[in-house]
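Here's the structure we're looking at; comments come further down.
As a basis for the values below, the full set of heavy atoms in this structure was taken, side chains included, without hydrogen atoms, waters or symmetry mates.
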Amino acid sequence: MSTAAATPAAPLPPQTPVITGWSAVSPYGLGREEFAAGLRGGAKTAVRADPELGPLPSPDACMVPGFDIQGLLGKKGTAKMDRLTALALVASDGLLLDGEGNRTVRTDDSTGVVLGITMGSLENVTNFLRQSYTQARPFHVDAGRIPFGSLNHAAGATAIRHGLKGPNTTVAGGRASGLLALNYARRLMSQGRATKYLVGSAEEFSAAHAWYEHTAAPGEPAPLLGEGCGLLLVEHAGTAERPPLAAVLSVETRVDIDDDPYAAVTACARRALDRAGVGADEVWAAVPCAAPSAAGRAEHEALAALLPAAALSRVPSMELLGDTGAASASLQIGAVLAIAGSDHDAQGRIALVSAVDQDGAVACAVLRLMGENA
């Protein structure tokens with residue numbers, strides 16, 4: 001157990017990226033309040049999947065309850081909208097708007113969006129391809145769905161919805177994509193290319209996604225899949241318009257080229273801590289992605305060997321949400337902020353968030369928790 005005391009609050013260098021807001025659309029519900037309450041209560045989220053999804057490799061799924069796209073976003077432009085885009089739009093509303101739809105976060109022409117995904121909306125892409133192969137002519141397809149098949153549609157739609165004119169980027173990195181997106185935003189802000197960023201990642205649940213994950217791991221039981229979107233508002237400490245909830249001290253990434261995720265996670269976490277200037281014994285909370293795979297198990301073992309034992313138990317396991325794929329890392333950061341927001345002892349403490357993907361991507365972020373009302 002870590003016995004290190006919390007570091008006294010000290011002024012941050014003005015160029016330090018800080019998280020000043022967050023939102024979560026998750027299997028706990030549509031907002032961050034539902035996410036925080038469900039997580040603190042340790043509630044499981046698996047339910048029987050909707051029969052309308054058709055045959056699935058697993059009968060259960062962790063889906064966002066009550067997610068009616070047109071009910072939440074209106075009918076204009078949503079008739080053929082994919083679920084991934086809708087998740088991102090609802091999360092962005094939760095981050096930038098109040099309950100009555102009024103803007104609560106000021107943005108400018110340099111406010112950017114970077115969104116992490118796996119492969120976009122697999123359901124939309126496979127349905128489109130199916131039409132091309134099964135209709136009388138290959139071009140007898142629903143052309144209205146073409147825009148939703150592009151990988152960057154969700155990020156673009158988010159920017160259009162809120163009038164954000166800064167850099168707009170999509171990062172496809174699987175479970176690590178949320179941290180890759182955070183690193184991307186940090187770098188562009190440090191170069192003066194953006195004043196603030198909406199940073200996050202999203203994953204939809206669909207039959208196509210379920211079968212893809214099942215066939216990608218032959219011989220393994222069908223994974224319990226989830227879905228959701230986590231978004232963060234990231235600003236510079238010197239110009240932030242709201243109190244910082246956490247400072248981003250470092251983000252480190254690497255690729256597991258030796259098929260040794262334990263070693264890759266260990267090296268990545270050590271490097272991230274070194275760059276942040278903190279020791280492993282100072283970590284107050286650590287949140288692995290809990291992927292249902294050998295890499296996920298190795299990730300947990302590596303962090304358990306490196307960090308204080310109490311750190312890994314402070315935030316409930318992400319297993320409660322199912323495997324949320326690309327959305328996982330952003331939801332992990334949201335989980336840290338949610339737990340820290342209810343623990344006065346968290347202020348000034350260090351948190352580490354990690355992710356591993358089946359394709360070998362590994363990432364770690366080190367945060368200093370700043371606020372009490374996350």
Under the side-chain hydrogen bond (donor to acceptor under 3.5 Å, both in side chains) rule, what do T118 and E203 come out as? Steps first, then yes or no, please.
CA-CA 7 Å; T118 300; E203 192 77 76; 2.6 Å; yes
Can you list the residues that meet the side chain to side chain donor-acceptor pair (under 3.5 Å) rule with Q358, with sequence neighbours excluded?
none
For a quick test of reading the model, state the closest non-hydrogen atom pair linking A361 to A176 and the distance between them.
CB-CB, 4.1 Å
Residues in side chain to side chain donor-acceptor pair (under 3.5 Å) contact with S26, at least two apart in sequence or another chain:
none
Consider only side-chain heavy atoms of I, L, V, M, F, W and Y, link residues closer than 4.5 Å, and tell whether L96 and M189 are in one cluster.
no
Verify the neighbour count for atom CZ of R254: are there more than 12 heavy atoms of other residues, nucleotides or ligands below 6.0 Å?
yes
For R368, does its backbone N or O pair with a side-chain atom of W284 as donor and acceptor, under 3.5 Å?
no
For A155, check side chain to side chain contact (heavy atoms under 4.5 Å, CB included) against everything at least two apart and list the hits.
V113, L115, N168, T170
Supply the atom-to-atom distance L369 CG to I339 CD1, rounded to the nearest 0.5 angstrom.
11.0 Å
Which hydrophobic side chains are connected to L72, either touching it within the sub-4.5 Å cutoff or through other members that do?
V25, L30, V64, F67, I69, L73, M81, L87, L89, V90, F148
Nearest 0.5 angstrom please: N152 CG to T158 OG1, how far?
11.0 Å
Checking T20 against V105 for the side-chain contact (heavy atoms from CB on, under 4.5 Å) test, could you report, in this order, the C-alpha distance in whole Å, the side-chain angles of both residues, the deciding distance, and whether it holds?
CA-CA 10 Å; T20 59; V105 175; over 6 Å; no
Side-chain (D98) to main-chain (E100) donor-acceptor, under 3.5 angstrom:
yes
Heavy-atom side-chain contact between L337 and I19 under 4.5 Å:
yes
Mind checking whether L233 and L198 have side chains closer than 4.5 Å, heavy atoms only?
yes
Residues in salt bridge (charged side-chain N to carboxylate O under 4.0 Å, His left out) with R193, at least two apart?
none
Criterion side-chain hydrogen bond (donor to acceptor under 3.5 Å, both in side chains) on T16 and H236, from CA distance to verdict:
CA-CA 6 Å; T16 304; H236 282 131; over 6 Å; no
Could you give me the CA-CA distance, side-chain angles and deciding distance for C62 and L224, then say whether side-chain contact (heavy atoms from CB on, under 4.5 Å) is met?
CA-CA 7 Å; C62 302; L224 176 63; 3.8 Å; yes
Kindly write out the residues that satisfy side chain to side chain donor-acceptor pair (under 3.5 Å) with D108, not counting sequence neighbours, or none if the list is empty.
T111, T195
Does a side-chain N-to-carboxylate-O contact under 4.0 Å join D274 and R271?
no
Got a donor-acceptor contact below 3.5 angstrom from the Q131 side chain to the D142 backbone?
yes
Count the heavy atoms belonging to other residues, nucleotides or ligands that lie under 6.0 Å from CD of E34, then report whether that count exceeds 12.
yes
For R186, enumerate each residue passing the side chain to side chain contact (heavy atoms under 4.5 Å, CB included) test, keeping only those at least two apart in sequence or located in another chain.
P17, N183, V248, V251
Check: S92/H162 side-chain N/O donor and acceptor closer than 3.5 Å
yes
P308 versus A280, closest heavy-atom pair with distance:
CD-O, 3.2 Å
Measure across G21 and L95 and return the closest heavy-atom pair with its distance rounded to 0.1 Å.
C-CD1, 3.6 Å
Is it the case that S121 and E204 place a side-chain donor and acceptor less than 3.5 Å from each other?
yes
For D359, side chain to side chain contact (heavy atoms under 4.5 Å, CB included) partners two or more places apart
D357
Between CD of Q15 and OG of S190, what distance do you get to the nearest 0.5 Å?
8.5 Å
Taking side chain as C-beta onward, heavy atoms only, is I350 less than 4.5 Å from V366?
yes
Is the shortest heavy-atom distance from the side chain of L97 to the side chain of R103 under 4.5 Å?
yes
Student check: side-chain heavy atoms of L321 and F35 closer than 4.5 Å:
yes
Apply side-chain contact (heavy atoms from CB on, under 4.5 Å) to M63 and L225, showing your working.
CA-CA 8 Å; M63 301 182 67; L225 298 182; over 6 Å; no
Hey, are the side chains of L182 and V234 touching, using non-hydrogen atoms and a 4.5 Å cut-off?
yes
Under 3.5 Å, is there a donor-acceptor pair between the side chain of E213 and the main chain of A210?
no
I'd like to know if the side chain of Y28 pairs up with that of T45 as donor and acceptor (distance under 3.5 Å, no hydrogens or angles considered).
no
Any chain of hydrophobic side-chain contacts (each under 4.5 Å) joining Y197 to L164?
no
Linking Ile, Leu, Val, Met, Phe, Trp and Tyr by side-chain heavy atoms under 4.5 Å, what else ends up with M119?
L122, Y212
One should read off an interatomic distance between I257 CD1 and D259 CG, to the nearest 0.5 angstrom, of 11.0 Å
Pairwise salt bridge (charged side-chain N to carboxylate O under 4.0 Å, His left out) hits with a residue in residues 52-71, at least two apart
R48-D60
SG/C289 to CG/D323 distance, rounded to the nearest 0.5 angstrom?
7.5 Å
Shortest non-hydrogen contact between A181 and V114, atoms and distance
O-CG1, 3.5 Å
Lys/Arg N to Asp/Glu carboxylate O, R161 vs D93, below 4.0 Å:
yes
Non-hydrogen side-chain atoms of E299 and V362 separated by less than 4.5 Å:
no
Between E123 (side chain) and A208 (backbone), is there a donor-acceptor pair under 3.5 Å?
yes
Quick check against the 3.5 Å criterion: does S330 have a side-chain atom that pairs as donor or acceptor with the backbone of A327?
no
Measuring only between side-chain heavy atoms, which start at C-beta, is V336 closer than 4.5 Å to V353?
yes
Under the side chain to side chain contact (heavy atoms under 4.5 Å, CB included) test, residues paired with E241 that sit two or more places apart:
R106, K196, E235
Go through the steps for Y184 and T169 under the test side-chain contact (heavy atoms from CB on, under 4.5 Å), then give the verdict.
CA-CA 9 Å; Y184 184 93; T169 309; 3.0 Å; yes
S23 side chain to R32 main-chain N or O, any donor-acceptor pair under 3.5 Å?
no
Calculate, to the nearest 0.5 Å, the distance between atoms CD and OG belonging to E252 and S354 respectively.
13.0 Å
For Q332, side chain to side chain donor-acceptor pair (under 3.5 Å) partners two or more places apart
none
Sub-3.5 Å donor-acceptor pair from the side chain of R275 to the main-chain atoms of S250, do we have one?
no
Which heavy atom in G178 sits nearest to a heavy atom in A329, and how many Å separate them?
CA-CB, 3.9 Å
